[in-house]
Amino acid sequence: QVQFVESGGGLVQPGGSLRLSCVASGFFLQYYAVGWFRQAPGKDREWVSCISSSDGSTLYTDSVKGRFTISKDSAKNTVYLQMSSLKPEDTAVYYCAADLERTRCSYGPTTWNYWGQGTQVTVSA
């Protein structure tokens, strides 16, 4: 059975850190582009980051560059999002996703086939 299970969300103070994890089963992350999205209340879902399986290269939206790091452990079939220097505007439900039609991330149109259930990240004093 295909599953993509997220964990690691929670409440953190501004300037704090949090690491999100997504564990895949039924498919192998090592073969596909894998990314993170987020959605704040009343806003559209926003792309955050992506990691390529072809060469391990990464992409980030401008608002998180230098603060967030995407990585994966193929042996554990897990993708991570390490978030540091968190800001209140980072508050959102975060989703992991996998694109089964790509090995390399890009800014162009994509198809995201599998999604995690979402995990809430709240940054507040």
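Throughout, residue positions are numbered sequentially from 1 according to the sequence presented.
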Task: N77: partners by side chain to side chain donor-acceptor pair (under 3.5 Å), with sequence neighbours left out - done: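 Partners of N77 under the side chain to side chain donor-acceptor pair (under 3.5 Å) test: none.
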
Task: Contacts of type salt bridge (charged side-chain N to carboxylate O under 4.0 Å, His left out), residue R45, not counting sequence neighbours - done: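 Listed in chain order: nothing, the list is empty.
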
Open item on the list: Check this for me: does any side-chain nitrogen of one of K65 and D62 sit under 4.0 Å from a carboxylate oxygen of the other?
Closed with: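 So K65 pairs with D62 through a salt bridge.
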
I'd like to know if the side chain of [X] reaches the main chain of [Y], judged simply by a donor and an acceptor atom lying under 3.5 Å from each other, with no hydrogens or angles considered.
| X | Y | result |
| --- | --- | --- |
| S53 | T103 | yes |
| E101 | T110 | no |
| S84 | S17 | no |
| R104 | S54 | no |
| Q13 | A125 | no |

- [ ] Check whether any side-chain heavy atom of E46 sits under 4.5 Å from a side-chain heavy atom of S63, and report yes or no.
- [x]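 Side chain of E46 against side chain of S63, heavy atoms only: contact under 4.5 Å found.
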
[X] and [Y]: which non-hydrogen atoms are nearest, and at how many Å?
| X | Y | answer |
| --- | --- | --- |
| V121 | L20 | CG2-CD2, 3.9 Å |
| A40 | A92 | N-CB, 3.8 Å |
| D90 | R38 | OD1-NH1, 3.0 Å |
| I70 | T58 | CG2-CG2, 3.5 Å |
| T78 | S21 | CG2-CB, 4.2 Å |

Cut-off 3.5 Å, no hydrogens considered: what does the side-chain donor-acceptor table look like for residues 24-36, sequence neighbours left out?
| unit_1 | atom_1 | unit_2 | atom_2 | d |
| --- | --- | --- | --- | --- |
| W36 | NE1 | Y80 | O | 3.4 |

Task: Single-linkage hydrophobic cluster, 4.5 Å side-chain cutoff, L81 and V12 together - done: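 Yes: a chain of side-chain contacts under 4.5 Å links L81 to V12.
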
TODO: Verify the cluster assignment for V79 and V2: are they in a single hydrophobic cluster under the rule of side-chain heavy atoms below 4.5 Å apart?
DONE: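 They do share one cluster, since a chain of ILVMFWY contacts under 4.5 Å joins V79 to V2.
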
- [ ] List, by chain and number, the other hydrophobic cluster members for F37, where Ile, Leu, Val, Met, Phe, Trp and Tyr join if side-chain heavy atoms come within less than 4.5 Å, directly or indirectly.
- [x]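 F37 shares its hydrophobic cluster with W47, L59, V93, Y95, Y107, W112, W115.
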
TODO: Rounded to the nearest 0.5 Å, what's the gap from CE on M83 to OG1 on T69? Could you check?
DONE: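 Spacing of CE (M83) from OG1 (T69) equals 11.0 Å.
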
TODO: Rounded to the nearest 0.5 Å, what's the gap from OG1 on T91 to CD on Q120? Could you check?
DONE: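 Going from OG1 on T91 over to CD on Q120, the span is 7.0 Å.
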
Open item on the list: Can you pull out every disulfide (SG to SG under 2.5 Å) where at least one residue sits in residues 7-56? Sequence neighbours excluded, please.
Closed with: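 Residue pairs passing disulfide (SG to SG under 2.5 Å), neighbours aside: C22-C96, C50-C105.
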
Task: Residue pairs involving residues 68-78 (criterion salt bridge (charged side-chain N to carboxylate O under 4.0 Å, His left out); sequence neighbours excluded) - done: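 For residues 68-78: none.
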
